[in-house]
Amino acid sequence: MTERPPANSPDSDDEFGALSELLAFDNVWADPPAALEDSVVAAIAAEAGPISSAIHRDTDGGRGAHRLRLIAVAAAIAVAFGLGAVASSIRQGNSPDPTDTEFALAATELVPEASGSVLISDRKNGARVILAVQDLPPAPDGQFYEAWLRTADDGVSAGTFHMRGGDGSIELWAGVHTASYPIFAITLEDEDGDTNPSDRVVFTADLTQP
Amino acid sequence: MDDLVERFRAGDPSAVRDVYRRYGGAIFTVARSMVGDPDLAADVVQETFLKAWRAAATFDANRDLAPWLYSIARRTAIDVIRKEKRPTRGGHGPEVEVAVTTMSFERTWEVHEIRRAIDDLPPDEREVVRLTHMEGLNHNEVATRMGIPVGTVKSRSHRAHRRLAAALRYLLDTANQDDDSHVEGGEDR
């Protein structure tokens, strides 16, 4: 026989079982600061605005540091090695775009000490890719790194670089859009004329997961 | 909702405020559940909406915004925790990777969904639920606190819990199954 709860006691615990404790959880009921809404709207509006206003806007310690790093990466374009297309892309204008999305690069076991991120945006002439990598070893002589936009079965090159000049930013372009090629990868290639990607993958990023 | 998603997907700044009002409470709940400190949680929320806005053009309008925002928030919170725990190093040496132990994915999703369901309650029903669960008051005590008849408390409580049960049915089924099998996740409040 089911015991009736006291008349004036909460009628919820039996029904909610395991979730009752979460209904009692302080954080479930805590409201965000009242000013946070305006802060979010202002932050996005500033990002959508001119670069100078975004750079000078934030003085709130580390909170703005990440955003400023993104702007710095995009603004301090290092010409990708041996790519004439990059020079033309610079003439087209390379300011940060509101649709730029940053993705963390996942390093493989081939380069366990390396790290980095990639800014990608789909533009009218293709996908613009800005790499910021650290501790990626220079490609040995006779080899180079190549960036790819891929599906599970197919891929399009976004350009090549060798990192013998040290860490820094690299701008690349691909003649496709990320909506159709949602996987980013960097491979180590041989200078053998083979245009297919090797299986020596050093970095990957899932472009559906910012 | 479709219009809101489309406007947000199109990168419409005015849609940001609408999206924040709809999902900001739940995102803050997730953030605070993971990082603890309310100021850090606010940072996580702001960064989450920034990242979502940046990626808006690539968001599939046929998808629900909530799980997408939730996943961004969770990853952002983990990044914040790592940065807070990482020892400061100068120079160009590699950063020390710090293991992060936090509330499990499933648990933070539960708190996210509960917060959303709570936010959808009418204010008077929401308050009854809050006083009942968070403050542990019985109906008589809730009536005294709110200055209303106990019969009104009971009816509001009944309606509110019906709404919550409907909204959280899939979670209730999953949670009660987990209880039956005595499964324990790596949760950490």
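Lettering follows sequence order; numbering is per chain, from 1.
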I'd like to know whether Glu102(A) forms a salt bridge (charged side-chain N to carboxylate O under 4.0 Å, His left out) with Arg54(B), so could you lay out the CA-CA distance, the side-chain angles of the two residues, the decisive distance to 0.1 Å, and finally the verdict. CA-CA 8 Å; Glu102(A) 184 186 32; Arg54(B) 289 171 189 154; 5.3 Å; no
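When all heavy atoms are compared, the tightest approach of Phe25(A) to Ser33(B) is CE2-OG, 3.5 Å. When every heavy atom of Ala43(A) is checked against every heavy atom of Gln46(B), the shortest pair comes out as CB-NE2, 3.7 Å. Here the closest heavy-atom approach between residue Pro32(A) and residue Gly25(B) is recorded as CD-CA, 4.3 Å.
With hydrogens and angles ignored, the 3.5 Å screen pairs no side-chain donor or acceptor of Arg32(B) with any backbone N or O of Asn27(A).
Neither the backbone nor the side chain of Gln134(A) comes within less than 4.5 Å of any heavy atom of chain B. Residue Val129(B) touches chain A through both its backbone and its side chain, counting heavy-atom pairs closer than 4.5 Å.
Between Val41(A) and Tyr20(B), the closest side-chain pair of non-hydrogen atoms is not below 4.5 Å. At least one side-chain heavy atom of Arg126(B) sits less than 4.5 Å from a side-chain heavy atom of Trp29(A). Counting heavy atoms from C-beta outward, Leu23(A) and Met134(B) have side chains that stay 4.5 Å or more apart.
Note that the CD1 atom of Ile44(A) and the OG atom of Ser14(B) stand 11.0 Å from one another [nearest 0.5 Å].
Ion pairing between Arg17(B) and Asp38(A) holds under the 4.0 Å rule for side-chain N and carboxylate O. Remark: Arg107(B) engages Glu21(A) in a salt bridge, criterion side-chain N to carboxylate O under 4.0 Å.
Among Ile118(B), Val111(B), Val45(B), Val16(B), the residue making the largest number of heavy-atom pairs under 4.5 Å with chain A is Ile118(B).
Inspection of non-hydrogen atoms places Thr178(A) of residues 174-182 of chain A under 4.5 Å from chain B.
Within the structure, the salt bridge (Lys or Arg N to Asp or Glu O under 4.0 Å) test picks out the following pairs touching residues 144-153 of chain B (sequence neighbours left out): Glu135(B)-Arg145(B).
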